[in-house]
Amino acid sequence: MSASTEPRTHSDFPADFRGTILRPGDDEYDTARALYQGRAADEGPALIARCSDEDDVAAVLRYASAHNVPVAVRGGGHGSDGYAMPGGALVVDLSGMRSVTVDPQTRVVRAQPGVKLGEMDAAAQEHGLAVPAGTVSSTGVAGLTLGGGIGYLMRRYGATVDNLLACDMITVDGRKVRADATENPELFWALRGGGGNFGVVTSLEYRAHPVGPEVVAGKLIFPIDQAAEVLGKLAVHGATAPRELGLLVAIADAPPLPMLPEDVHGKPVLILVVVYTGEPDTADEVVRPLAELGRPLADLVGRTTWVQANSMLDAVAPYGMRMNLRGGYLPALTDDAVDVLLEHVATLPANPGDIYSINISFMGGAISEDVDEDATAFSRAGAAWLWEAICKWDAPESDASYDQWATTLTEAMQPHALTNGYANLSDDLGEEWRRGVHGSEAKHQRLRAVKAAFDPQNLLRFNKNIAPATSD
Ligand SMILES: Cc1cc2nc3c(=O)[nH]c(=O)nc-3n(C[C@H](O)[C@H](O)[C@H](O)COP(=O)(O)OP(=O)(O)OC[C@H]3O[C@@H](n4cnc5c(N)ncnc54)[C@H](O)[C@@H]3O)c2cc1C
């Protein structure tokens with residue numbers, strides 16, 4: 001993604017900015033512009049303004065507004081579109097704003113926008129608490145929260161946005177505003193799912209919940225030829241599962257583990273990633289029926305800590321590879337939808353060293369039943385499962401074949417999927433997709449109105465962009 005404006009050197013960058021300014025050729029520039037999405041490294045931004053506090057953020061945004069310069073925002077750097085570091089752009093880099101505080105009395109966790117999920121988890125667990133968020137510890141809290149936030153605790157406590165109490169934000173003209181249920185409530189609604197469209201968020205406050213420290217978690221690994229049978233039974237079994245069960249199903253290549261037969265190493269298998277946060281002594285009655293959905297090659301589920309459980313996917317999420325990401329909501333896990341996913345495993349371009357995972361996340365419970373669809377910009381109406389395909393490779397020559405594969409899969413899944421979705425777990429698929437992803441035309445227009453109120457010039461356009469409402 002490239003900045004659409006004339007190249008600027010920003011030689012007039014404001015003197016009241018006290019953070020670090022990085023331009024092409026500076027020592028730390030290449031390290032600073034590296035994102036999870038390796039394709040973003042193809043072109044570098046014009047200037048990275050690494051902010052030390054909210055006054056720095058305000059200084060950059062006042063400068064951008066005065067010169068009508070669009071601004072990109074880097075939180076944790078995990079966005080799949082690479083919008084955090086567009087070629088030629090001015091970037092507000094929040095990666096240095098890393099403080100996280102926990103009040104054990106009120107159970108309120110306050111995080112700055114450079115904080116990563118693993119850091120928030122570690123801080124909250126010192127008090128036996130956790131904020132419902134995502135499953136890979138290097139993901140940033142800011143981008144994840146502003147898009148919605150799903151993970152192993154969503155069935156028990158809801159999406160991350162359902163546990164967001166307040167945000168502090170700098171507007172594009174440099175004002176500090178707070179958004180919560182009573183102050184700027186319309187902005188607060190939009191920030192809970194509308195992404196980085198409205199301003200730069202400098203602080204996020206969450207309601208945390210008692211979790212762990214001991215949980216029961218791990219992987220149940222089945223041969224791929226049992227996948228259709230296991231998923232068919234899981235679709236039925238899911239209806240009776242307790243909210244304390246977090247479950248992600250992955251179709252991926254088997255790791256070379258000694259407990260797996262050698263002939264499946266590097267070949268597709270079905271993995272049930274299980275995280276049970278209820279009373280550990282009751283886990284067996286929840287986990288055993290999952291193992292009995294088929295005949296597992298390995299049962300790696302056992303007692304562990306919440307922090308370990310919530311980072312077990314880190315090993316398959318290396319930073320900096322080229323990638324694409326597609327996904328959507330399923331109203332039901334039907335045999336036909338499962339067939340489409342399984343058929344596409346066989347057509348993956350996969351070269352040695354490439355990584356793929358086709359995931360199916362189990363929704364239901366608090367995220368689906370406890371919050372009204374219109375309460376947040378994040379949409380979840382009708383979603384029982386979420387499918388997601390993530391491919392990673394190093395060779396630029398593989399871009400076209402992986403993108404073609406992902407497009408074909410997305411089209412084949414369309415008849416089985418809902419038109420709303422989770423914006424963070426798909427690449428930006430264009431205007432029509434962005435119109436539908438929040439769930440209804442009314443919600444889309446409501447987001448456009450908030451955008452017009454807070455960013456009428458669309459300076460924050462390097463994102464899943466919501467066009468400002470026009471007065472006509
Ligand atoms: C390996 C991997 C695992 C993932 N797992 C999960 C998961 O389990 N659950 C889940 O819900 N999602 C998951 N995601 C998706 C994740 O939520 C999004 O990629 C999210 O955008 C990451 O946020 P970030 O701050 O790290 O990324 P960034 O790339 O820094 O930010 C993404 C976008 O968010 C906006 N933004 C970021 N910070 C701010 C801010 N402070 N103010 C205003 N706008 C801002 C900007 O528009 C920016 O372009 C995963 C992604 C990856 C790559």
Side-chain angles (χ1 to χ4, degrees), residues 1-13 17 19-51 60-61 63-64 67-96 113-114 138-140 142-143 147 195-197 200 317-326 354-355 390-404 406-407 423-424 426-431 434 457-465:
M1 158 115 232
S2 292
S4 53
T5 48
E6 289 289 300
R8 281 182 65 103
T9 55
H10 304 291
S11 52
D12 51 352
F13 201 67
F17 179 81
T20 308
I21 298 171
L22 298 167
R23 301 173 195 272
D26 288 345
D27 279 354
E28 284 180 57
Y29 171 82
D30 280 335
T31 315
R33 74 190 179 96
L35 297 177
Y36 189 87
Q37 165 61 281
R39 291 208 242 191
D42 293 351
E43 284 183 280
L47 188 149
I48 302 170
R50 182 168 285 167
C51 302
V60 185
L61 291 177
Y63 164 81
H67 297 275
N68 199 19
V69 176
V71 190
V73 185
R74 191 228 197 258
H78 258 235
S80 68
D81 302 289
Y83 284 140
M85 290 281 165
L90 169 64
V91 176
V92 172
D93 178 357
L94 303 162
S95 61
S138 54
T139 311
N197 270 286
V200 176
Y319 217 81
M321 292 180 80
R322 306 176 84 80
M323 68 173 287
N324 61 19
L325 176 64
R326 300 294 164 86
D354 295 354
I355 301 174
I390 185 162
C391 297
K392 293 179 216 156
W393 62 95
D394 285 320
E397 310 81 74
S398 298
D399 290 0
S401 55
Y402 272 111
D403 289 346
Q404 182 56 51
T407 300
N424 271 356
S426 170
D427 296 333
D428 189 339
L429 299 183
E431 172 65 21
R434 289 194 297 268
Q457 306 304 322
N458 202 8
L459 292 184
L460 294 163
R461 68 184 67 157
F462 302 114
N463 46 36
K464 287 171 172 125
N465 196 238

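Index from 1, following the sequence.
Across all their heavy atoms, Asn463 and Asn197 have their closest contact at OD1-OD1, 3.4 Å. Pro86 and Val91 make their closest contact through CD-CG2, 4.4 Å (heavy atoms, listed as atom of the first residue, atom of the second, distance). The shortest non-hydrogen separation linking Phe462 to Tyr83 is O-CB, 3.3 Å. Closest approach of Lys392 and Tyr36 over heavy atoms only: NZ-OH, 2.9 Å. Of all heavy-atom pairs spanning Arg33 and Pro45, the tightest one is CD-CD, 3.9 Å. The shortest non-hydrogen separation linking Gly196 to Leu460 is O-CB, 3.8 Å.
The backbone N or O of Asn465 lies less than 3.5 Å from a partner atom in the side chain of Arg434, making a donor-acceptor pair. A side-chain donor-acceptor contact under 3.5 Å links Asn324 to the backbone of Tyr402.
Ring geometry, Phe13 versus His10: the interplanar angle exceeds 60°, so the pair is classed perpendicular (tilted spans 30 to 60°).
Salt-bridge formation is not detected for the pair Arg322/Asp403: no Lys NZ or Arg NE/NH1/NH2 atom is positioned less than 4.0 Å from an Asp or Glu carboxylate oxygen.
Here Asp93 contributes atom CG and Ile21 contributes atom CD1; the two are 12.5 Å apart, rounded to the nearest 0.5 Å. The CD1 atom of Ile355 lies 10.5 Å from the SG atom of Cys391; values are rounded to the nearest 0.5 Å. Atom-to-atom distance recorded for Asp30:CG and Leu22:CG is 10.0 Å, nearest 0.5 angstrom. Note: Glu28 CD to Ile48 CD1 = 9.5 Å, rounded to the nearest 0.5 Å. To the nearest 0.5 Å, atom CG of residue Asp42 and atom CG of residue Asp399 are 7.5 Å apart. Rounding to the nearest 0.5 Å gives a distance of 10.5 Å between CG of Leu94 and CZ of Arg50.
For the pair Asn68/Leu459, a side-chain contact is recorded, criterion being any heavy-atom separation below 4.5 Å from C-beta on. You'll find the side chain of Met323 stays beyond 4.5 Å of the side chain of Asp427, heavy atoms only. Contact annotation: the side chain of Val73 never approaches that of Pro113 to less than 4.5 Å [non-hydrogen atoms, C-beta and beyond].
Only one option out of Lys464, Gln37, Arg39 pairs with Asp81 in a side-chain hydrogen bond (donor to acceptor under 3.5 Å, both in side chains); it is Lys464.
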Check your understanding: What do the steps show when you test Phe17 against Cys51 for side chain to side chain contact (heavy atoms under 4.5 Å, CB included), and what is the final call?
Key -> CA-CA 8 Å; Phe17 179 81; Cys51 302; 3.9 Å; yes
Practice item. Check step by step if side chain to side chain contact (heavy atoms under 4.5 Å, CB included) holds for Arg74 and Leu35. Key: CA-CA 9 Å; Arg74 191 228 197 258; Leu35 297 177; 3.9 Å; yes
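Around CG of Asp27, the count of heavy atoms belonging to other residues, nucleotides or ligands within 6.0 Å does not exceed 12.
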